[in-house]
Each structure stands twice: as structure tokens, then as C-alpha cells.
Amino acid sequence: METLQALQAQVLQLQKDNERYRCMEKCSSQLKETSEKASINCQNKFPEGISSCQLYLSSPTYRLVGKGKVHNTSGDLLHHRPLPDGHLKVSVDVVLDKDALLPIPDIVSETTLLRDAIGSFVAWPLDLIFIDDETPTKPASKDKGILRHNESVASQKEVFAQGSQQLSQKIDMATAGAIRLLDMEEDIFGYSCTETIGKEDLEHIFRHQELGVGVIHTYIRFLYDNFMRGNDQLSNRFRFVSSSLVNKALICREPDSCREYLVKRFMASSTNNLYLWPYNSGCHWLLLAIDPLKEVVYFLNSIDGEWTNYPDMKQLVDTSIKVFRSQRQARVPRTKSSNITWIKVQCPLQRNGIDCGYFVMRFMREIINMNQIEIPITYFDEYKCAHYTRLQLEQIKEELCQYFIEKRLISI
């Protein structure tokens with residue numbers, strides 16, 4: 001631990017020196033103060049508050065590795081600790097380089113990869129954060145780190161719909177990096193919150209790119225408003241789990257809080273409920289449909305992976321169901337006392353490395369539309385297919401676009 005702390009101190013000092021040099025270059029014409037003050041004043045290039053941003057790394061190549069939101073607020077802390085000099089707090093929404101390392105590893109959760117920090121906060125160097133539509137200091141041609149998970153150009157073009165392209169051309173966002181707020185009622189996730197939607201979230205939909213938590217949660221709000229609100233049967237049967245409160249990063253860093261949230265959600269059940277939980281493993285979305293009373297977990301993965309590939313997630317779900325069982329003082333047969341039933345559903349599979357978020361949204365829509373707690377192992381006959389067609393995915397995108405307009409998150 002002493003060696004690790006010493007190495008981290010050296011890394012921080014190198015990053016600090018590098019930041020001072022860059023800030024002195026940028027600010028020398030305006031500021032004649034010390035390098036430390038210059039580093040602080042360079043934060044002025046970021047709007048105060050929360051802004052959508054792009055995240056770059058400079059080693060081993062200068063490249064775009066992810067997108068998220070930068071939090072430029074005075075006195076902001078990261079995991080109850082002051083931010084390192086020359087850094088700002090950012091929330092990670094989308095990872096574009098699955099092998100990208102965090103500039104500063106999180107010692108508490110032992111997180112070193114960017115993909116493990118989705119939905120969480122990390123410290124990021126000032127000179128490697130760019131507000132949306134801001135021009136990076138290095139030419140874009142040197143960006144060789146963006147991965148598309150072996151997806152071909154043809155497959156990207158295949159999923160572009162004419163309707164979404166025409167609508168995207170009409171989008172009028174007032175300023176670059178503008179943030180829209182969407183209220184989430186307590187009935188949706190078990191607590192009231194506000195979801196932040198950035199311009200890049202909309203662009204991900206129009207350009208058919210990887211989706212962040214904000215888009216998934218917005219579609220959940222769409223499902224609640226258009227299917228469940230006013231329908232007691234559906235609203236009492238289906239519930240949702242927040243991907244912001246339970247994700248891979250938080251499971252590693254704060255497992256107790258994740259378990260407490262899940263148990264609290266389960267305890268709100270008065271009858272058999274199916275809890276829909278979009279889970280992000282770092283660079284991939286999958287769906288869990290949990291029936292806590294029957295102690296059954298349906299596993300829907302559009303890349304045909306096994307739940308054993310996600311041991312931390314599985315352990316959290318199993319533990320939460322057992323705690324829920326104990327709190328409601330349920331009796332179960334001895335043969336089942338230590339086993340939770342996991343069922344891998346033979347759901348439609350994606351054919352590229354981008355569609356997982358769209359598949360998860362459609363899975364939730366179809367489950368609610370079928371209005372039944374039990375999901376057949378071979379999936380619903382009405383929706384059974386090997387792969388979703390372009391039109392089936394475009395239906396989800398069109399619903400999102402119309403909902404954005406309805407909620408005045410965008411204007412046309």
C-alpha cells in the first residue's frame with residue numbers, strides 16, 4: 001500500500017506539472033500570475049454547473065475515449081475527498097474505448113478501467129475535457145482509439161432511419177453542451193430524482209451510437225407515462241430498478257448501499273411484481289427481470305453471454321433476494337434455501353457492438369406489453385425472432401424522439 005501511495009503521488013505530481021505547463025501556455029497572454037493560479041483560472045473555460053463533455057486521453061495515443069458530464073462547481077468533492085489539482089469531477093455516460101484506463105484509479109473500489117466507471121464519478125484532467133462542440137487541441141486524425149467493437153461501416157449505416165435523420169436535422173439546441181432536466185417520479189424508481197439529458201445523449205440516438213444511462217432512464221419514463229400511468233394492473237405488476245443507484249462501479253465500491261436499495265424496492269411489493277433492471281457491465285447493456293417473491297431472475301442478454309460472466313452482479317441479486325426473504329419472514333424448502341432460480345431467456349440477439357441499449361429498451365417494452373410476470377425461456381411467441389429488424393429498432397428511436405418533443409427536451 002505504501003508503494004502504491006508513493007506511485008500515485010508521483011503520478012499526481014507529473015499530471016500537476018503537465019497541467020501547469022498547458023495552462024501557462026493557454027493563459028500566458030491574459031494572466032501573469034503563478035502557475036498554480038493559472039491552473040485554477042483555466043477552469044473558467046468550463047461553464048459553471050453541469051455540462052455535457054467529451055473525455056480524451058493522451059497516452060499511449062491522443063484519442064476520444066468516452067462521453068459524460070463535467071461538474072464544475074466550487075468546493076466539489078469526489079468520494080468525500082478533495083479533487084486533485086488540475087482535475088474536475090466528471091460523470092461517465094458512454095465508453096468508446098473499452099480498454100481505456102482511468103487517469104486516476106479509484107483505490108476505494110479498485111477501479112482502473114473507464115468502462116467500470118459508467119454511472120459513477122471520476123477525476124479527469126482539465127486539458128483532456130472538452131465541452132460538446134469544442135475543438136480538441138490535437139487534430140482529430142490522431143484519434144485512433146475509438147472502438148466500435150468490430151462493427152462494419154455497413155452495419156452502422158443499416159440502422160440509420162430516414163425519419164430519425166430528418167428529425168435530427170431539425171433539432172434546435174440553444175447552446176453547445178446544453179443540459180435538459182427530466183423529473184422522475186417516486187413511483188418509477190422508488191425515489192424522486194431528476195435525470196439530466198445532454199445534447200450528446202440526443203446525438204447518440206440520431207447517429208445510432210452507444211447509449212448512456214440518461215437515455216435508458218428517459219425511455220423508462222416513457223414506458224411509465226404511456227403504458228403504466230392510470231393502468232393499475234400494469235403499474236402494480238411491473239416496476240423498475242435505477243441503473244444510477246445500482247451499476248457495476250457502485251456494486252464494487254458501495255455494495256451495501258446497492259443491496260439496501262434493492263431490498264427496499266422488493267419490500268414495496270404487495271403482490272407478485274417483476275422488477276426490470278437495465279444493467280450496464282461497463283461497455284454493454286443487458287436486462288434483468290426479477291420476481292423477488294418467486295425468487296426467479298430472468299436474464300436477457302443480446303450478445304448471448306452467461307450470467308456467470310457477471311459474478312458481482314449475480315452475487316448482489318442473490319444476496320438481496322435472501323435478505324428480502326428474511327425480512328418478510330418467508331419459509332422456503334431446504335432444497336431452495338440457498339438457491340435462486342436464474343433463467344436465461346433466448347431473446348433476440350444483436351449483430352453488432354452498438355445495439356445493446358436499444359435491445360434492452362425493446363425488451364422492456366415487449367415485457368410490459370405482454371403483461372405477464374413469467375417470461376418464456378424461448379421468449380414471447382409474438383416477438384420471437386433471431387434478430388430485431390431495422391424497423392423494430394427504429395420504432396424505439398421514434399418513440400424516444402416524440403417523447404423528447406412532448407417533454408420539450410428538444411424543439412423542432
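Below, all heavy atoms of this structure are taken into account, side chains as well, without hydrogens, waters or symmetry copies. Count residues from 1 along the sequence.
Contact annotation: the side chain of Trp342 approaches that of Lys314 to within less than 4.5 Å [non-hydrogen atoms, C-beta and beyond]. No side-chain heavy atom of Lys322 sits under 4.5 Å from any side-chain heavy atom of Glu295. Looking at Phe266 and Leu293, their side chains never come closer than 4.5 Å, going by heavy atoms from C-beta outward. Phe121 has its side chain within reach of His71: a pair of non-hydrogen atoms, C-beta onward, lies under 4.5 Å apart. Under the 4.5 Å side-chain criterion, counting only non-hydrogen atoms from C-beta, Tyr275 is not in contact with Leu288. Side-chain contact between Leu286 and Trp307 is absent, with no heavy atoms from C-beta onward closer than 4.5 Å. Under the 4.5 Å side-chain criterion, counting only non-hydrogen atoms from C-beta, Leu181 is in contact with Thr196. The closest side-chain heavy-atom distance from Ile197 to Thr218 is below 4.5 Å.
Taking every heavy atom of both residues into account, Ile220 and Met364 meet most closely at CG1-CE, 3.7 Å.
Between Asp312 atom CG and Leu250 atom CG the span is 12.5 Å, to the nearest 0.5 Å. From Asp97, atom CG reaches atom SG of Cys283 across 8.0 Å, with rounding to the nearest 0.5 Å. Here the straight-line distance linking atom NZ of Lys89 with atom CD1 of Ile50 works out to 8.5 Å at 0.5 Å rounding.
Between Phe189 and His217, the gap from one ring centroid to the other is short of 6.0 Å. Aromatic ring centres of Tyr62 and Tyr56: separated by under 6.0 Å.
A tilted orientation is assigned to the rings of Phe363 and Tyr388, their planes being inclined by 30° to 60°. Taking the six-membered ring where the residue is Trp, Tyr310 and Phe299 present tilted rings, their angle falling between 30° and 60°.
Proximity of a side-chain donor or acceptor of Tyr219 to a complementary backbone N or O of Lys397 within less than 3.5 Å is not detected. Judged purely by atom type and a 3.5 angstrom limit, Arg239 has no side-chain atom pairing as donor or acceptor with the backbone of Ile188. In terms of modelled atom types and a separation under 3.5 Å, the side chain of Glu306 and the main chain of Thr308 share no donor-acceptor contact. Checked by atom type and distance alone, the side chain of Trp285 pairs as donor or acceptor with a backbone atom of Leu211 at under 3.5 Å. The backbone N or O of Phe222 lies less than 3.5 Å from a partner atom in the side chain of Asn226, making a donor-acceptor pair. Side-chain N or O atoms of Asp381 include none that pairs as donor or acceptor with a backbone N or O of Lys384 at under 3.5 Å. With Arg221 contributing its side chain and Glu195 its backbone, the two residues share no donor-acceptor pair below 3.5 Å. Side chain of Ser242 to backbone of Ser244: a donor-acceptor contact under 3.5 angstrom is found.
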Apply side chain to side chain contact (heavy atoms under 4.5 Å, CB included) to Arg115 and Asp99, showing your working.
CA-CA 8 Å; Arg115 69 188 184 207; Asp99 297 320; 3.9 Å; yes
Quick one: do Val215 and Leu400 satisfy side chain to side chain contact (heavy atoms under 4.5 Å, CB included)? Show the steps, please.
CA-CA 8 Å; Val215 175; Leu400 269 171; 3.8 Å; yes
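Ion pairing between Lys344 and Asp304 holds under the 4.0 Å rule for side-chain N and carboxylate O. Using a 4.0 Å cut-off between charged nitrogen and carboxylate oxygen, Asp93 and Lys67 do not count as a salt-bridge pair. A salt bridge does not link Glu260 to Lys264: none of the charged side-chain nitrogens sits closer than 4.0 Å to a carboxylate oxygen. Electrostatic pairing of Arg365 and Glu399 counts as a salt bridge here, judged by a charged N lying under 4.0 Å from a carboxylate O. Look at Glu185 and Arg229 and you find a salt bridge, because one of the NZ, NE, NH1 or NH2 atoms lies within 4.0 Å of a carboxylate O, short of that distance. Under 4.0 Å is where a charged nitrogen must lie from a carboxylate oxygen, and between Lys69 and Asp201 at least one such pair does.
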